[in-house]
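Read through the structure below, which is laid out as structure tokens, and then see the notes.
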Amino acid sequence: MAVPKVKVLAGSALAVFLLAACSDTLPQSTLNPAGPLARTDANLYKLVFIIAMFVFVLVEGLIIFFVLKYRARPGGRAEQIHGNTRMEIAWTIAPIIVLAIIAVPTVKVIWDQSGRPEGKVIDVDVIGHQWWWEFRYPDDDVISANVLVIPTDIPVYIRLCSSGSTGPTDPKTGVASGPATGQPCTDPASNLGNAVIHSFWVPRLNGKTDVVPGRTNTMTLQADEPGVYLGQCAEFCSWSHANMRFKVQAMAPADYEAWLVEQQADAVVPAPGSLADKGMQDFATGSCIGCHAVKGLETTSGAPAAAIQGPDLTHFASRDCFAGCMFETSTEHIKTWLKDPPAVKPGSFMPNYKLTPDQIDALTAYLESLT
Amino acid sequence: MATVATPHEEKRGFLARPGATYGFMSWFTTVDHKKIGILYGASALFFFFVGGFEALLIRAQLATPNGQVLDAGAYNQIFTMHGLTMIFLVVMPLGAAFTNYLVPLMIGARDVAFPRMNALSYWVFIFGGVFLYSSFLLGGAPNGGWFGYAPNSVAEPGLNMSYYAIGLLILGISSTVSAVNLAVTIINMRAPGMTLMRMPVFIWMTLVVQFLLIFAIPVITVALIELLFDRQYGTHFFDPGVGGDPILWQHLFWLFGHPEVYILILPAMGIVSEILPVFARKPLFGYAFIVFSGIAIGFMGWGVWVHHMFTAGLGPVTNSAFAITTMFIAVPTGVKIFNWLATLWKGQLKGGTPLYFSIGFVALFVIGGLSGVTHAVVPSDYQQQDTYYVVAHFHYVLFGGAVFGLFAGLFYWWPKVFGRMLSESLGKWQFWIMFVGMNLTFGPFHILGLQGMPRRIYTYPDGMGWDIWNLVSSVGALMVGLSAVLFAVNVLLTARKPRNAPADPWDARTLEWTTSSPPPEYNFEEIPQVHALDDFWHKKYTESPAGDLVPVVAGASDTAALKNGDAGEHEKGHGGGHGIHLPSPSYWPIVLAAGLPMMGYGVLYDWKLGVAGGVVLLVGAYGWILEPSVAEAEPAPALAAASTGSEADHG
């Protein structure tokens, strides 16, 4: 056998893997932790990785050694060994001991990470929609989407629930099923029409937890430093699963308090006669307000707009991405989106309203004014 | 089971029983376990290329950020079908090819216990596969993942996931029929003297797999029927709005799904356990430990399913308990690895392609086993669950493990099955290209997963840092594809060679090598008497007190004849099989099987078609019962009683 080849290959693969496994600076990497929970997860992985590497080198080394040493040779003798109970018991017990050692920190961390942290905690309800994330701050009366703003150094205790949408139409009746209402997690049974499972994951801040219709799972996030941390849905949820991304923006606690105050305010009302004002008229009289809430804006019948299907847009322009964070918030991207949403985001429940270029310009101006 | 058919019984039945055991049409009516094994193998290899093509499409799409090869809808169908194909239409039936072909030969029997049921299981399998793939032409293939998580699998519009539910139900029938048949065969039809602890390890692993199937398939069957009813008839098993529970699907699916992993890997472990001793020229190290660890895996495999659900929010008690069970299932697996290593120790390794793939199996399976242990570390798994790290893990287990083991078996038993040796040089080229390509394809997945790349995404943006490893992986996938093509070339070239393989080309240890290559229809002229584990080996060699091999002199003429490929003469000396009664071919298994996909289409399109399918199925079943026990052309089988072992007219 061409054994040196094996050696070189195994050696280089090992080296590459070890280098890659140390740590990195990538935006969504579990090996680049930015908070205590993710760091604990990464450290546990590294502990097991080192033990696994030891076994890996032992076993692969023995394979290479045996293959070299015991190649058939003329006149060579194969010793007829049928077994050795003592050796076999030894290599049954050895892994049991190693695994028992690994089990101890495993179980400890499972318990440490479960439940609500003690001390000062921020509560956030996270609602998974097809295919975007809604964030509600029940204590502060703030509703946001796509960008989750949190303070640094304070644990953020998250309740997860899955919201239905006006789901795919029934193939037999042609009727769209299940209206969704975007209720908070406390009322999970009210908005389950065609809700599916998602998984909420910010690799640099903690592992993932599934978002299961009918259940309220919980998890904790915590960030050390101000910054932006990427997140993504990790459970397959049909068409735009890959486009169900979000960002976590961590701020110093004082900045976070200021942000809350801004978000609690009603939406900006554009100057009468401006392009944005025309956009607001289109928004309120057209289809937009049927799905998107803008705090302070009323429908033609005088009712306040409630976010029924899509994200609350009250402070749309304060978020730096939209549509499941497929797009950075920019004039060009907003126009592309409004022109034909399903064309750029597969499966999008926001239909192509065939808006005219004038309407798109006006709506874009309005959306950009919603700081 | 043995019956003496009388001429009166021949008259029973309303269709003559087919008699031809050769020719094209005989493949549709055969009940010979060897031909059925070949059918299984050929079908599985065909689907291997289909599933491999789907894999290449996936790798083409993901080779670069913002890939444009497939759109989201097509990608979701392709990755779902890739998984379904490789699991249900490649690894399971390829395992079934080996078990069908080899079980009677390795236990010294003339056929399986129920030859017509054996044919039925094949035809149900192939119709199930065709049914699944017909969805591509009839509106769209399954697109909710092989794991089919509800409620997404319920909410998906179109019939895609209904094809999934019905297709897997049909395939489950095939597996159950086959499992009962093989379990009965192994338990009841071993040659005289072959006690349980004299059975080859491959037979032991096969037996464990059959029991896993018998218990696991009902679980997925329940889940699939509930899914089908939720989709087609408005039930709410998985609908939380009215008291159903999406987590119910996950429990049922993984309670099947984890034993399924062992259903896929244990046959390959059995194959490797046969090959290593032959090529090391020494006995398997710790036969009893390997057997009992296989049985232990069979039991413990039922207690780890929640490790697929650590992020589902089942709570710290559940997660802790299943973390511990998951860690400890690594123990019997580790035992096997060390026993295989010790089998090589102090051996004389003959470098044949089967050994290359077997050692490749051990080397790669270890990696999959170790990454499996990291999943048991729950908080670490919170990060790795549903990422490419998991994809890396199970491809090391199922490609590096199962597929390498199955290729080892293909090279090892090919001369027995077809009487022709596959090319060793092409085989070694295939091995090295597949080995390197496999590591290039799946090795980077570990890194990508740790770097935060989720599974089942049809695209990823620039700037995530995933570009390089995805590209490397796609290049590796092309190498794996090339290695598969080399195998196809090898098969085609070998088919043109003369049929000159000796009965025992590898100087092997088990009973199937005592008969000619390929074996006669009746397998053995005389049912062998078994005196020891590795009986055939002990007929050829004995051990000196120092533990050296000494060729047996007495009876050397027989073994020399076998080595030289003159088994035919050996057989002829005893009459060339005249007077051995074998079950006649039958039309009915394929007829009965054809009813199932018709009923499936009936559920999806028109109840009348379903009724027609039911009628076909019933006609098949009654034809089966009433069919004459032998072909009319065959003389009255007065000698039937003389044939011990296989008898099947009522199978």
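So you know, we letter chains A, B, ... as the sequences are listed, proteins then strands, and number each from 1. These numbers come from the heavy atoms of this one structure, side chains and all, not from hydrogens, waters or symmetry mates.
- Summarising the geometry of B/P151 relative to A/P213, their closest heavy-atom pair is CG-CG, 4.0 Å, with the distance given to 0.1 Å.
- B/L344 touches chain A through backbone and side chain together, each having a heavy atom under 4.5 Å away.
- Only the side chain of B/Y149 comes within less than 4.5 Å of a heavy atom in chain A; its backbone stays farther off.
- Using a 4.5 Å cut-off between heavy atoms, B/W340 makes no contact with chain A at all.
- By number of non-hydrogen pairs under 4.5 angstrom with chain A, the leading residue of B/P316, B/G286, B/G452 is B/P316.
- Of the two parts of B/A321, neither the backbone nor the side chain holds a non-hydrogen atom closer than 4.5 Å to a non-hydrogen atom of chain A.
- Between B/T374 atom OG1 and A/K46 atom NZ the span is 14.5 Å, to the nearest 0.5 Å.
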Side chain to side chain contact (heavy atoms under 4.5 Å, CB included) evaluation trace for A/T30 with B/Y389: CA-CA 11 Å; A/T30 66; B/Y389 190 88; over 6 Å; no
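- Per-residue counts of heavy-atom pairs under 4.5 Å with chain A were compared for B/I337, B/I457, B/V373; the largest is that of B/I457.
- From B/M464, atom CE reaches atom CD of A/Q232 across 6.0 Å, with rounding to the nearest 0.5 Å.
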Side chain to side chain contact (heavy atoms under 4.5 Å, CB included) evaluation trace for B/V317 with A/W111: CA-CA 8 Å; B/V317 176; A/W111 286 87; 3.5 Å; yes
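- Contacts of B/A363 with chain A are made by both backbone and side-chain atoms, with heavy-atom separations under 4.5 Å.
- Residues B/T387 and A/W201 come closest through the heavy atom pair CG2-CH2, 3.3 Å.
- Counting heavy-atom pairs under 4.5 Å between each of B/K428, B/K346, B/R455, B/E543 and chain A puts B/K346 at the top.
- For B/V377, the parts lying under 4.5 angstrom from a heavy atom of chain A are both the backbone and the side chain.
- A 4.5 Å side-chain heavy-atom check between B/T311 and A/E235 finds every atom pair outside the cut-off.
- Looking only at heavy-atom pairs under 4.5 Å with chain A, the residue among B/G145, B/A342, B/G334, B/P461 that has the most is B/P461.
- With chain B as partner, the option from A/A100, A/P203, A/S238, A/S240 having the largest number of non-hydrogen pairs under 4.5 angstrom is A/S238.
- Rounding to the nearest 0.5 angstrom, the gap separating the CG atom in A/L26 from the CG atom in B/L448 is 10.0 Å.
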Stepwise side chain to side chain contact (heavy atoms under 4.5 Å, CB included) test for A/M87 and B/F338: CA-CA 10 Å; A/M87 283 167 77; B/F338 285 113; over 6 Å; no
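- Using a 4.5 Å cut-off between heavy atoms, B/N143 touches chain A through its backbone atoms (N, CA, C, O) alone.
- Per-residue counts of heavy-atom pairs under 4.5 Å with chain A were compared for B/G347, B/A72, B/G465, B/S371; the largest is that of B/G347.
- Chosen from B/S320, B/P379, B/P454, B/G73, the residue pairing most often with chain A at heavy-atom distances under 4.5 Å is B/P379.
- In terms of heavy-atom pairs under 4.5 Å with chain B, the best-connected choice from A/P95, A/G76, A/S199 is A/G76.
- Taken from CH2 in A/W239 to CD in B/E156, the straight-line distance is 8.5 Å, to the nearest 0.5 Å.
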Residue pair A/D210, B/Q385: steps toward the side chain to side chain contact (heavy atoms under 4.5 Å, CB included) verdict: CA-CA 10 Å; A/D210 293 355; B/Q385 169 74 7; 5.6 Å; no
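- A/R215 has its side chain within reach of B/D245: a pair of non-hydrogen atoms, C-beta onward, lies under 4.5 Å apart.
- For B/Q348 (side chain) and A/P74 (main-chain N/O), no donor-acceptor pair under 3.5 Å exists by modelled atom type.
- A/T106 and B/A376 make their closest contact through CG2-O, 3.8 Å (heavy atoms, listed as atom of the first residue, atom of the second, distance).
- Ring geometry for A/F236 versus B/F147: interplanar angle over 60°, hence perpendicular rather than tilted (30 to 60°).
- To the nearest 0.5 Å, atoms NZ (B/K350) and CZ (A/R71) are separated by 15.5 Å.
- Within 6.0 Å of the CD1 atom in B/I468, the count of heavy atoms belonging to other residues, nucleotides or ligands does not exceed 12.
- Within the 4.5 Å cutoff, the side chain of B/W345 has no heavy atoms near those of the A/K69 side chain.
- At most 12 heavy atoms of other shown residues, nucleotides or ligands fall within 6.0 angstrom of atom CZ in A/R86.
- Side-chain contact between A/D24 and B/L450 is absent, with no heavy-atom pair separated by less than 4.5 Å.
- The minimum heavy-atom distance linking A/A234 with B/D386 is given by the pair O-CB, 3.0 Å.
- A heavy-atom distance below 4.5 Å is found between the side chains of B/F289 and A/I89.
- A/Y45 approaches B/S380 most closely through the heavy-atom pair CD1-OG, 3.4 Å.
- When heavy atoms are compared at a cutoff of 4.5 Å, B/W249 does not approach chain A at all.
- Although no hydrogens or angles enter the test, the distance criterion places a donor-acceptor pair under 3.5 Å between the side chain of A/N217 and the main chain of B/A312.
- By the 4.5 Å heavy-atom criterion applied to side chains, B/N76 and A/H241 are not counted as neighbours.
- At least one side-chain heavy atom of A/T92 sits less than 4.5 Å from a side-chain heavy atom of B/V331.
- A heavy-atom distance below 4.5 Å is not found between the side chains of B/Y382 and A/M219.
- Atom CG of B/L549 sits about 11.0 Å away from atom CD of A/E79, to the nearest 0.5 Å.
- No part of B/A288 comes within reach of chain A, as not one of its non-hydrogen atoms sits under 4.5 angstrom from that chain.
- Looking only at heavy-atom pairs under 4.5 Å with chain B, the residue among A/K208, A/R245, A/M326 that has the most is A/K208.
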